[in-house]
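Here is the structure we will look at, set down as structure tokens.
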Amino acid sequence: MRCQWVRSPRDKCARVCYLALAMRWSQAFIPTIKEAPADATSVSHLLLMRGGFIRRIGAGIYEYLPLGLRVLHKVQSIVRAEMDRAGALEVLMPALLPADYFRETGRWDVFGDNLLRLKDRKGGDYHLGPTHEEIITDMVRREIRSYRDLPRNLYQIQTKYRDEPRPRGGLLRCREFTMKDAYSFDVDEAGALASYEKMRVAYTRIFDRMGLAYRLVQADSGSMGGSTSAEFQVLVQSGEDFLAACDSCDYAANLEVAESRAPADQPAATATPPLSKVATPNVGTIAEVSAFLKAPPDRFLKSLLYLAGGEIVMAVVRGDHELNEIKLARALGVSEVALANEEQILKATGARTGFAGPVGFKGKVVVDRAAALVHAGITGANEGDFHIIDVEHTRDYQAEVRDIRSVAEGDGCPRCAKGSLKVYRGIEAGHIFVLGTHYSAKMKACYLDDKGAEHPIVMGCYGIGVSRLVATTIEQFNDTDGMLWPMSIAPYQVHVVGVGQDAAVVDACNKLVAELEQRGVEVLFDDRVERPGVKFKDADLIGIPLRVTIGAKGLASGGIELKPRTERDSKKAEIVPVDRAAEVIAERVRAMLTT
RNA sequence: CAGAGUGUAGCGCAGCUGGUCGCGCGCCUGCCUUGGGAGCAGGAGGACGCGGGUUCGAAUCCCGCCACUCUGACCA
């Protein structure tokens with residue numbers, strides 16, 4: 001084991017990194033475990049635990065062991081390099097924050113239970129920072145007064161705290177996690193958009209360097225109070241977010257906000273007869289009524305009652321569609337909506353749950369644009385055990401027509417004429433926002449223009465879940481035996497496995513490890529007195545991208561064996577002559593870093 | 001916050017018709033073995049989550065609390 005200060009040759013930013021280049025397993029702290037921990041809730045969680053990368057000490061609170069920390073540091077250094085390249089400046093704000101700043105913007109209350117609060121000995125209110133808009137805005141308002149000082153982009157890599165209702169998935173959703181957050185400050189909206197675009201490019205470079213398959217999607221700006229925003233979603237089956245993407249153009253959006261091509265009206269072949277009421281005893285759900293009346297779900301008008309800004313509102317979507325609460329809230333101009341409870345439904349419609357409908361409803365009604373085109377529709381009669389059939393929008397009920405449903409697989413793309421939408425699952429790895437003057441206006445972060453007039457600074461904010469990325473990468477790259485690290489963030493670049501204790505083998509191992517170290521290659525050398533099977537299993541588990549096997553057998557047949565972790569068949573390992581091994585391996589590492 | 005469940009050796013679990021706790025893996029020692037988590041022999045390791053109650057006696061039954069997990073709500 002030797003530690004030294006090195007300048008990594010691949011790092012164009014001339015950053016000096018501290019890296020222990022070579023590590024002998026017998027001297028290391030890599031406690032792998034054979035049996036799966038019972039509480040592992042995702043592939044990445046399982047493998048990070050088994051591989052000895054992390055340990056849990058509380059719900060959503062993890063320790064990083066040496067391998068885990070190396071990966072975390074590598075992700076951080078890629079993020080730093082690209083942020084610096086984009087002209088952002090690193091700062092560090094405290095994790096422990098006095099309550100005053102969040103009180104200033106109202107988020108002390110808005111964050112509610114998600115904020116981890118504490119008191120100091122004098123009884124003063126504090127919290128651990130879940131994000132730092134207020135703090136950075138305060139820093140900037142105290143120091144920046146002139147348009148000459150703008151634009152600026154400041155970022156930090158900090159530990160963040162959120163009292164998640166339910167942490168899960170290991171590092172995917174924690175209460176304490178590492179995040180890179182950047183904040184841009186511009187004189188106007190156009191400047192903010194330019195800053196936003198720079199971050200979009202930087203993020204693309206970051207995720208590309210990590211070799212991830214991801215998609216940039218339109219996103220809900222939510223309570224951040226911004227206008228433009230997009231998410232970087234890493235595509236994995238286990239992802240908790242859903243996104244819709246066009247199969248022929250580059251339209252992609254989080255399902256929360258995804259749109260579909262406007263539906264075309266298909267007039268009924270025959271005129272719809274007048275309304276009539278039918279008895280539907282004890283059948284309330286769409287599936288039940290559909291079976292009872294022998295009518296397909298797409299003829300139904302599903303009527304849901306919501307509480308929006310203190311008012312009861314009816315939202316109507318087609319029976320085969322799902323209502324989208326974010327779209328509904330936006331259509332109503334409120335920040336959020338909540339499903340009405342049974343009591344409120346009874347009071348508003350006069351019927352118990354399952355029999356609500358827009359016909360004759362006294363309150364405000366919003367109908368989805370697809371539901372508005374339903375002919376001879378079927379809906380609740382606002383009377384227990386009765387439905388109404390042959391309902392026509394406009395003729396039989398009045399409602400505001402809006403897009404309030406979630407898109408579904410196969411819907412037409414809203415952007416192009418021929419494409420249709422596919423639904424994917426993803427993990428949000430990054431999010432970029434134009435915030436506007438939401439925070440600067442509230443906190444009076446202003447600058448003077450060249451005429452001496454005062455304006456609020458126009459802001460943007462940009463987050464990357466650094467610790468989440470460690471887990472996300474494993475979610476995307478794993479097989480039945482373990483992790484498959486991309487070279488750029490692997491804990492070590494090369495894993496040397498010594499088979500047997502022959503003097504010739506031990507000598508060859510030591511010599512190769514020393515040569516690799518000299519060439520700046522990060523190498524983990526399994527020098528343990530263990531059976532080969534144990535070493536191979538551990539090597540597959542921790543997933544270092546290149547494995548070098550040195551044994552008597554290989555040496556006899558001409559050299560050492562080189563095998564990428566992605567190659568499952570050991571017999572396909574490449575035989576490299578001993579005297580050229582270090583050179584070939586170092587070159588391979590270099591090649592894998594750039595692809 | 002609502003519903004469900006689990007806390008017993010480092011990890012995974014059994015024991016729960018009350019009688020002071022076992023198994024597998026891991027760990028230690030020795031022998032043997034060495035190209036995909038070997039084998040044999042011996043060994044160490046436990047206030048059975050915490051507190052109270054019932055009982056001659058509680059891991060086991062009862063009450064309270066705590067922690068954790070799952071499903072939902074929530075998630076810049």
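Just the heavy atoms: all of them, side chains too, but no hydrogens, waters or symmetry mates, feed the values below. To find a chain, count down the sequence lines: A is the first, B the second, and so on, and within it residues start at 1.
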So [X], base contact, sugar-phosphate only, or nothing? Heavy-atom distance under 4.0 Å.
X        : result
A:Arg56  : sugar-phosphate
A:Glu561 : base
A:Asp113 : nothing
A:Met49  : nothing
A:Gly554 : base

Exercise for review: When you get a sec, tell me which of B:C68, B:A38, B:C70 is the closest nucleotide to the side chain of A:Thr41?
Suggested key: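 Closest of the options to the side chain of A:Thr41: B:C70.
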Review point. B:A67: syn or anti, with syn meaning chi within 90° of zero?
Key: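 Classified anti.
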Practice item. Name the pairing partner of B:C16, where a pair is Watson-Crick or G-U wobble with both distances under 3.5 Å, or state none. Key: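 Result: none.
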Practice item. Name the pairing partner of B:G46, where a pair is Watson-Crick or G-U wobble with both distances under 3.5 Å, or state none. Key: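 Pairing partner, where one exists within any strand: none, as none qualifies.
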**Study point:** P spacing across the pair B:G22 / B:G43, given as an integer number of angstrom
**Key:**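 14 Å, rounded to whole Å.
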Check your understanding: Distance-only, no hydrogens or angles: does the A:Lys327 side chain make a donor-acceptor pair with backbone N or O of A:Ala258 under 3.5 Å?
Key ->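 A pair under 3.5 Å: yes.
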Practice item. Tell me whether the guanidinium CZ or amine NZ of A:Arg152 lies under 6.0 angstrom from the six-membered ring centre of A:Phe185 and within 45° of its axis. Key: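 No, A:Arg152 does not sit over the ring of A:Phe185.
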Show the distances under 3.5 angstrom between N or O atoms of the protein and N or O atoms of nucleotides 23-27 of chain B.
from: B:G24; atom 1: N2; to: A:Glu35; atom 2: OE1; distance (Å): 2.7
from: B:C25; atom 1: O3'; to: A:Lys34; atom 2: NZ; distance (Å): 3.4
from: B:G26; atom 1: OP1; to: A:Lys34; atom 2: NZ; distance (Å): 3.2

Check your understanding: Can a salt bridge be assigned to the pair A:Glu104 and A:Arg141 using a cut-off of 4.0 Å between side-chain N and carboxylate O?
Key ->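 So A:Glu104 pairs with A:Arg141 through a salt bridge.
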Check your understanding: Excluding sequence neighbours, so at least two apart, what forms side chain to side chain donor-acceptor pair (under 3.5 Å) with A:Glu530?
Key ->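 So A:Glu530 forms no side chain to side chain donor-acceptor pair (under 3.5 Å) with any residue.
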**Study point:** Donor/acceptor link under 3.5 angstrom from A:Ser570 side chain onto base of B:G36
**Key:**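 Pair found.
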Exercise for review: Give a yes or no on whether a donor-acceptor pair under 3.5 Å exists between the nucleobase atoms of B:G36, that is its base, and the side chain of A:Arg547.
Suggested key: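 Yes, a donor-acceptor pair under 3.5 Å.
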Could you write out each protein N or O paired with an N or O of nucleotides 1-8 of chain B at a distance under 3.5 Å?
none

